[in-house]
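For the numbers below, each heavy atom of this structure counts, side chains included, while hydrogens, waters and symmetry mates do not. Numbers here are sequence positions counted from 1.
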Amino acid sequence: MKPTKAGNVELGIEHVKNYFDNACIIAETIDKNQINLLASELVSLRLGLGRLFVLGVGGSAANATHAVNDFRKLCRIETYSPTDNVSELTARINDEGWQSCFAAWLEVSNLGAGDAILILSVGGGNREKGVSINLIEAMDYARKVGAKIFGIVGRDGGYTKEIGDVVVIVPTVNDCLVTPHSEAFQAVVWHCLVSHPALQLQDTKW
């Protein structure tokens with residue numbers, strides 16, 4: 001790939017302005033009541049000593065790791081993510097396949113009716129298009145054992161919206177920026193949750 005010409009940086013200011021203008025619209029239009037409902041559900045999960053499993057792929061997998069830290073440290077909810085154990089994850093993908101890697105991990109973790117999964121995804125999964133099938137199979141397994149299904153997803157919410165108990169959808173403002181905005185607002189929403197007065201039990205350092 002050839003280096004970008006310096007002149008494109010000057011032209012890029014329009015992209016920067018557009019990106020943040022879109023972010024402002026998302027912040028204004030995202031369903032705050034749904035976020036507050038998710039906070040309430042997480043309080044109930046903690047009171048019942050339930051565990052939270054955060055699932056995501058790609059950039060959302062990195063977000064899942066960060067979210068696990070925050071829910072554990074700030075909210076004292078027992079929280080895990082399958083993508084934090086790369087050895088087990090890749091062994092399952094290699095030996096058993098991509099589609100079942102999350103569901104099998106949840107089964108070994110004894111996911112039960114008192115637990116919940118939190119899906120972080122740009123599209124929420126689409127079985128017909130073969131997108132994020134491992135998330136779909138994980139949700140099917142969660143439903144089978146009676147666990148709650150939560151989500152922070154973009155686009156129309158996909159399968160997560162169809163099957164989930166409480167799902168926050170990041171509004172689509174610009175089709176060209178769905179992925180960066182969806183993954184960025186996953187972080188905005190979970191940080192809102194872990195600083196929620198009903199959820200946060202430990203102060204941040206700053």
same_hphob_cluster(V68, V153) at 4.5 Å side-chain heavy-atom cutoff | no
Mind checking whether V86 and V108 sit in one hydrophobic cluster, side chains of I, L, V, M, F, W, Y counted as touching below 4.5 Å?
-> no
From I133, D140, N126, I119, residue fulfilling side-chain contact (heavy atoms from CB on, under 4.5 Å) relative to Y159 | D140
Here the pair of heavy atoms bringing A116 nearest to F150 is CB-CE1, 3.5 Å
Smallest separation among heavy atoms of G56 and A61, with atom names = O-CB, 3.3 Å
Please collect all salt bridge (Lys or Arg N to Asp or Glu O under 4.0 Å) contacts where either partner lies in residues 23-32, sequence neighbours excluded, each pair once.
-> none
Do W105 and I136 sit in the same hydrophobic cluster, where Ile, Leu, Val, Met, Phe, Trp and Tyr count as joined when their side-chain heavy atoms come under 4.5 Å apart?
-> yes
Answer yes or no: is there a side-chain heavy-atom contact under 4.5 Å between L37 and N33?
-> no
Describe, in one word, how the ring planes of W98 and F102 are oriented to each other, choosing from parallel (under 30°), tilted (30 to 60°) and perpendicular (over 60°).
-> tilted
Taking S81 for the side chain and V54 for the main chain, is one N or O donor matched with an acceptor at less than 3.5 Å?
-> yes
Euclidean distance, T79 OG1 relative to L118 CG, rounded to 0.5 Å | 9.0 Å
Give, for atom CD1 of I117 and atom CD1 of I149, the distance between the pair rounded to the nearest 0.5 Å.
-> 5.0 Å
Does the distance from a Lys or Arg side-chain N to an Asp or Glu carboxylate O, for R51 and D115, drop under 4.0 Å?
-> yes
If you look at every heavy atom in S132 and G125, which pair is closest and at what distance?
-> CB-CA, 3.9 Å
So, do V166 and Q34 sit near enough that their side-chain heavy atoms are less than 4.5 Å apart?
-> yes
The reported gap from CG in L55 to CG in L106 (rounded to nearest 0.5 angstrom) is 5.5 Å
Mind listing the closest non-hydrogen atom pair of S195 and C192 along with its distance?
-> OG-O, 3.2 Å
Partners passing side-chain hydrogen bond (donor to acceptor under 3.5 Å, both in side chains) against N36 (at least two apart in sequence or in another chain) | H196
If you look at every heavy atom in N134 and C101, which pair is closest and at what distance?
-> ND2-SG, 3.7 Å
Could you check if a side-chain atom of K161 sits within less than 4.5 angstrom of a side-chain atom of I169, using non-hydrogen atoms only?
-> yes
Run the salt-bridge test on R143 and D165 with the 4.0 Å N-O cut-off and return the result as yes or no.
-> yes
Please test V43 against L47 for side-chain contact (heavy atoms from CB on, under 4.5 Å), starting from the C-alpha separation and ending with a verdict.
-> CA-CA 6 Å; V43 170; L47 289 173; 4.0 Å; yes
Salt-bridge test for D175 and R155: reply yes if a basic N is under 4.0 Å from a carboxylate O, no otherwise.
-> no
Check each of N69, L74, L201 against V194 using the side-chain contact (heavy atoms from CB on, under 4.5 Å) test, and report the only one that passes.
-> L74
E78 and R72 ion-paired at < 4.0 Å = no
Minimal non-hydrogen separation, L89 against P82, with atom names | CB-O, 4.1 Å
To the nearest 0.5 Å, tell me how far S109 OG sits from F53 CZ.
-> 5.0 Å
Where do T160 and M139 land on the side-chain contact (heavy atoms from CB on, under 4.5 Å) test, with the steps shown first?
-> CA-CA 8 Å; T160 307; M139 286 184 272; 3.4 Å; yes
Under 4.5 Å side-chain linkage, directly or through intermediates, the cluster mates of F20 = I13, V16, Y19, L177
Here the salt bridge (Lys or Arg N to Asp or Glu O under 4.0 Å) pairs for residues 96-105, sequence neighbours left out, are R92-E96
Within a strict 4.5 Å, meaning less than it, do heavy atoms of the L52 and L42 side chains meet?
-> yes
In one Ile/Leu/Val/Met/Phe/Trp/Tyr side-chain cluster, 4.5 Å: I30, W190 | yes
Same cluster for L199 and L38 if Ile/Leu/Val/Met/Phe/Trp/Tyr side chains link at under 4.5 Å?
-> yes
Just how far is it from atom CG of L193 to atom CG of D70, taken to the nearest 0.5 Å?
-> 10.5 Å
Who pairs with F71 by ring pair (Phe, Tyr, Trp, His ring centres under 6.0 Å), at least two apart in sequence or on another chain?
-> none
What residues form a ring pair (Phe, Tyr, Trp, His ring centres under 6.0 Å) with H191, not counting sequence neighbours?
-> H66
Here the gap from R46 atom CZ to C75 atom SG, rounded to the nearest 0.5 Å, amounts to 6.0 Å
